[in-house]
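Encoded as structure tokens, the structure appears first; notes follow it.
Residue numbering restarts at 1 for every chain, and letters A, B, ... go by the order of the sequence lines.
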Amino acid sequence: MVSATSVKEALNSSAPRDEIAVQGWVRTRRDSKTFSFIELNDGSSLRSLQVIAQNSLPNYSDVQRLQTGASVRVVGKLVASQGKGQQWEVAADEVQIIGASDETYPLQKKGHTPEFLREIAHLRPRSNLFGAVFRVRSRLAYAIHTFFQERGFVYVHTPIITGSDCEGAGELFRVTAIDPTNPPRRADGSIDYAKDFFARCTYLTVSGQLEAEAFACALSKVYTFGPTFRAENSNTSRHANEFWMIEPEIAFCDLNCDMDLAEETVKHLIRDVREHCDEDLQLFAKFVDKELLARLDFVIERPFHRITYTDAVELLGKSGENFEFPVGYGLNLQSEHERWLTEKHFKAPVTVFNYPKEIKPFYMRLNDDGETVTAMDVLVPGIGEIVGGSQREERLDVLEQNMRRHKMDPADYKWYLDLRRYGSVPHSGFGLGFERLLMFVTGVPNIRDVIPFARTPGSAEF
RNA sequence: UCCAGCGUAGCUCAGUGGUAGAGCGAUCGGCUGUUAACCGAUUGGUCGUAGGUUCGAAUCCUACCGCUGGAGCCA
């Protein structure tokens with residue numbers, strides 16, 4: 001049996017071949033007088049390979065009944081195409097029907113809306129758009145590892161199941177092995193989680209940051225890349241309950257170093273996809289977002305604007321815009337404010353830093369002014385916040401004060417405070433939303449369409 | 001969770017109180033080195049679900065479910 005060649009390799013061939021085997025799924029089929037055109041796609045490429053099946057084939061009547069979605073293996077010759085629109089085509093000597101399809105196959109030749117395709121998430125990777133999205137997703141994941149590995153970062157697998165219910169990062173999914181119909185109870189009737197599987201309350205992680213800090217304070221430069229879970233009832237195009245995050249953490253690194261790394265990371269990842277996924281990006285530029293390529297190139301070339309929270313508030317106050325929500329020191333920047341900064345004013349990614357301590361979590365380092373903390377958010381046009389990070393508070397006494405101010409008990413975080421007791425160092429890190437970056441890179445406006453099988457409130461099918 | 005809009009054929013939609021429609025798809029036939037082909041015919045429905053108003057409801061009212069956009073939370 002001839003070993004199969006991918007459609008991508010066949011299309012990129014530099015010479016005809018006397019014998020070639022290709023296999024994949026029928027995108028569409030057309031009859032001509034004495035033969036049939038089969039468009040074959042195997043996901044290796046956006047493009048399909050045209051197969052010519054002559055009526056002299058012994059199973060030609062079966063070939064003529066081939067429907068969109070069927071799987072076939074074709075053995076034949078790779079020859080220069082007589083028609084326009086493609087360089088190569090396969091003249092079939094044999095068309096083996098592996099798996100038939102029928103008229104109920106939901107993917108039609110014409111375009112479908114992303115909303116409809118979302119309902120058939122198991123079949124949508126067979127569409128042009130979603131095939132492209134998930135090829136880019138794969139490349140982006142690969143680029144994340146090469147970026148950090150080439151710079152000496154160590155990849156750390158932080159736990160998915162965690163006992164840290166804190167962090168103030170949204171609501172958590174409880175992980176339990178307790179029988180809900182018959183839970184162990186304490187004397188006061190409350191559920192006794194000390195008798196649960198891990199002998200304590202456990203949850204799906206909302207962030208690997210605290211654990212990554214422990215490893216940064218040993219291996220100097222580390223990153224995590226894995227799934228995180230938020231039980232927020234968020235119904236937006238930018239939120240999912242299961243998503244992937246990249247979290248670098250660097251010892252001996254201050255906020256400026258952190259902002260430099262965030263900018264370099266985002267630029268590198270965009271540049272990598274720009275170079276390696278051109279065909280797929282062209283599809284997005286054509287059907288999803290006409291401005292996509294220009295915006296990506298702009299982001300790669302220009303420095304990100306950096307502005308303190310205080311200056312950003314002042315800029316927004318003087319903007320003359322009639323915002324729905326008030327602008328003022330001590331208030332969170334609203335989506336409309338972030339959008340104005342990045343889309344209207346700077347027309348580029350913007351890094352906002354040094355936020356008031358009141359609106360940021362306990363672990364961020366207090367600045368000398370006693371009012372602001374070393375937080376930084378990278379905002380990009382169309383998406384909003386794509387990176388959130390900070391320099392961490394490395395001073396034991398200040399960190400304990402921060403905890404108390406956030407109504408947390410330092411005793412619950414002994415191991416985290418130990419990092420400040422023994423050889424504490426200034427260190428920084430950030431979280432980069434993988435799907436948000438993918439949305440930015442592809443122009444796809446809904447996070448549900450860049451996740452293979454999205455988990456959102458009320459929806460966990462597949 | 002809040003605000004707004006939408007839910008009619010496999011898909012995209014029209015129909016705003018009086019017999020359920022179009023385009024595309026699919027099926028059959030014709031034509032053709034075609035390529036979101038072309039020409040002709042055929043096929044197509046629990047009008048999201050449950051109540052209510054009415055002589056009569058896809059259409060008006062109520063509740064629920066789902067989707068979309070915006071907001072909050074954040075990545």
G-U wobble or Watson-Crick pairing nucleotide for [N] (cut-off 3.5 Å, both distances):
N      : value
B:rG29 : B:rC39
B:rA71 : B:rU1
B:rA22 : B:rU12
B:rC60 : B:rG52
B:rG66 : B:rC6

For [X], which contact category applies under a 4.0 Å heavy-atom criterion: base, sugar-phosphate, or nothing?
X        : answer
A:Gln108 : base
A:Asn446 : sugar-phosphate
A:Glu247 : nothing
A:Glu119 : nothing
A:Leu432 : nothing
A:Gln86  : base

Open item on the list: Using a strict threshold of under 4.0 Å (side-chain N to carboxylate O), is an ion pair present between A:Lys267 and A:Glu263?
Closed with: yes
Can you see if the side chain of [X] gets near the phosphate of [N] - specifically, an N or O under 4.0 Å from OP1 or OP2?
X        : N      : answer
A:Arg230 : B:rC74 : no
A:Ser234 : B:rC74 : no
A:Ser335 : B:rG72 : yes
A:Ser32  : B:rG33 : yes
A:Gln82  : B:rU34 : no
A:Ser237 : B:rG70 : yes

- [ ] Take A:Arg339 and A:Pro106, find for each the nucleotide of RNA chain B with the closest heavy atom, and name the residue whose nucleotide sits nearer the 5' end.
- [x] A:Pro106
Open item on the list: Both A:Ile447 and A:Thr456 contact RNA chain B. Which one's nearest nucleotide lies toward the 5' end?
Closed with: A:Thr456
Open item on the list: Main chain of A:Gln391, side chain of A:Thr374: is a donor-acceptor contact present, judged purely on distance under 3.5 Å?
Closed with: yes
TODO: Run through A:Glu321, A:Glu338, A:Glu336 and flag the one making a salt bridge (Lys or Arg N to Asp or Glu O under 4.0 Å) with A:Lys344.
DONE: A:Glu321
- [ ] May I ask you to verify whether the side chain of A:Asn235 and the base of B:rU1 hold a donor-acceptor pair under 3.5 Å?
- [x] yes
Task: B:rU16, syn or anti by chi within 90 degrees of zero - done: syn
- [ ] For A:His276 and A:Tyr142, test the side chains for any donor-to-acceptor distance below 3.5 angstrom and give the result as yes or no.
- [x] no
- [ ] When you get a sec, tell me which of B:rC74, B:rA26, B:rG33 is the closest nucleotide to the side chain of A:Phe37?
- [x] B:rG33
